[in-house]
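This report concerns only the one structure given below.
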Amino acid sequence: MIIRVLGSAAGGGFPQWNCNCLNCDSVRKSEPGFTPRTQSSIAVSSDGVSWILFNASPDILTQLKQAGGRLQPGRNVRDSGIVAVVLMDAQIDHTTGLFMLRESSRPLEIYATSQVREDLSTGNPIFKVLDFYCSVNWHEISTEKAEVLVVPKVNGLEMELIPLKSEAPPYSPNRGNSQTGDNVGVFLKDVKSNKSVFYAPGLCEIESHLVSPMKKADVLLVDGTFWTDSEMIDNGLSKKMAREMGHKPQSGPDGMIEALSEFADARKILIHINNSNPILNENSKERLELNKLNIEVAYDGLEILL
Ligand code: MLT
Ligand code: MN
Ligand code: ZN
């Protein structure tokens, strides 16, 4: 399978439009060691023709342009390689790109939990709005039983969506008290190569049911939003702690670095990096620490072949 990182930044992107933190200022000025990033999304394909989009970022049009013809097989006057969209949650940075796909000549095939569908039909009614355009064909991701799903036309890729702890969006009734189904991760396996990836751009806790799929995975592509729990507060950017926003910070006790040390054999890559995170400075001591531990930082356009 081909995993293409379309966007590696958290909500806001890098630089964020209204942010003058040292990171955003430096990347805006094209200083060495800083690389711009668009908002969180990956695309996965087994044949390079049909692609599943995991999350639809508000930057999707830029991402598709940056990908050249990679997701555009051009078989008809109106066509796309994107055959389905899987939503990991109902957050703005993962869903508002659906509006940009409204010209689709067939209904969008969207895989999401009933909780995500509810938020996208009420608090942020993207599904309702899309009904005036291409409309949505919803496929329910069950949170009751582990199912192996196969997306039609995407041959040889099996996916298992796994509920996990992160956070519901501010417009959800579950905000601050997130429920099973507000967030999922995905274990994706290429049947031919027998290689797999575990993707979770929002991940607050590695609960016991995640250990087995994460141990099996050849690549872990996981939440890299914040370096410390109090990063937003320390930088005067917000009053929220990382964990309150549903993100496990990398450093410190019970941080992502410590958690990832349990998965010695996997290739480890952080994704969904917030613009406040010091690892976005490629010369920072935090980034050098990751380098030493062989933990990579995803960038837009990164392709992983498995
Ligand atoms: C998050 O991951 O915490 C949210 O997506 C942030 C946002 O986009 O506002
Ligand atoms: Mn986000
Ligand atoms: Zn910033």
Side-chain angles (χ1 to χ4, degrees), residues 5-31 33-42 53-60 63 86-99 112 116 119-120 123-124 126 164-172 174-178 182-186 199-205 221-250 256 270-281 284 286 298 300:
V5 173
L6 295 175
S8 53
F14 187 47
Q16 180 173 308
W17 68 284
N18 63 344
C19 191
N20 297 301
C21 75
L22 198 57
N23 275 347
C24 286
D25 189 51
S26 304
V27 74
R28 202 174 278 122
K29 289 177 177 152
S30 305
E31 282 176 14
F34 294 86
T35 307
R37 285 171 162 81
T38 61
Q39 294 168 85
S40 182
S41 172
I42 64 169
L53 197 61
F54 289 85
N55 298 321
S57 156
D59 299 321
I60 187 159
Q63 295 168 345
V86 181
L87 300 177
M88 317 309 288
D89 56 50
Q91 299 267 14
I92 292 228
D93 58 344
H94 287 161
T95 59
T96 45
L98 292 170
F99 283 139
V116 167
D119 287 338
L120 297 181
N124 183 8
I126 295 178
L164 48 77
K165 282 209 163 75
S166 186
E167 194 43 90
Y171 38 82
S172 169
N174 297 345
R175 178 70 169 188
N177 179 28
S178 78
D182 284 331
N183 301 83
V184 297
V186 62
Y199 171 61
L203 180 58
C204 202
E205 212 180 298
L221 195 53
V222 295
D223 192 330
T225 315
F226 299 112
W227 181 256
T228 61
D229 204 11
S230 59
E231 185 172 308
M232 294 294 272
I233 299 170
D234 297 343
N235 288 295
L237 303 172
S238 133
K239 293 193 164 61
K240 291 191 197 112
M241 302 288 269
R243 285 187 167 89
E244 260 177 81
M245 297 169 76
H247 302 294
K248 189 192 244 329
Q250 282 111 57
M256 192 60 88
L270 300 175
I271 194 161
H272 188 277
I273 325 289
N274 197 56
N275 53 72
S276 55
N277 193 327
I279 63 175
L280 287 177
N281 174 355
S284 64
E286 292 84 357
D300 295 14

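Indexing begins at 1, ligand by ligand and atom by atom, following the structure's order.
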So how far is it from Cys204 SG to Lys165 NZ, rounded to the nearest 0.5 Å? 9.0 Å
Within a distance of under 4.0 Å, is there any protein heavy atom near atom 6 (C) of ligand 1? no
With a 4.0 Å cut-off on heavy atoms, is His272 in contact with ligand 1? yes
Suppose you place the vertex at the Zn ion (ligand 3); what is the angle out to Cys21 SG and Asn275 OD1, to 10°? 120°
In terms of atom number and element, which parts of ligand 1 are under 4.0 angstrom from non-hydrogen atoms of Gly11? 8 (O)
Would you please classify the geometry between the Phe54 ring and the Tyr199 ring as parallel, tilted or perpendicular, with 30° and 60° separating the classes? perpendicular
Check for a donor-acceptor pair, side chain of Glu244 on one end and backbone N or O of Lys240 on the other, with a separation under 3.5 Å. no
Verify the contact flag for atom 9 (O) of ligand 1, where contact means a protein heavy atom under 4.0 Å away. no
Just going by heavy-atom distances, which of Gln91, Gln39, His247 is nearest to atom 4 (C) of ligand 1? Gln91
Which atoms from ligand 1 have a heavy atom of Asp93 less than 4.0 Å away? 5 (O), 8 (O)
Rounding to 0.5 Å, atoms CZ (Arg243) and CG (Asp229) come to a distance of 5.0 Å
Strictly by modelled atom types, are Glu231 and Asn274 linked by a side-chain donor-acceptor pair under 3.5 Å? no
Interatomic spacing from CD in Gln91 to OG in Ser57 - rounded to 0.5 Å: 13.0 Å
Report, rounded to 10°, the angle at the Mn ion (ligand 2) between the two atoms NE2 (His272) and OD2 (Asp93). 100°
Using the side-chain hydrogen bond (donor to acceptor under 3.5 Å, both in side chains) definition, which of the options Asp300, Thr96, Asp59, Asn55 pairs with Gln39? Asp59
Rounded to 10°, the SG/Cys19 to the Zn ion (ligand 3) to SG/Cys24 angle comes out at 110°
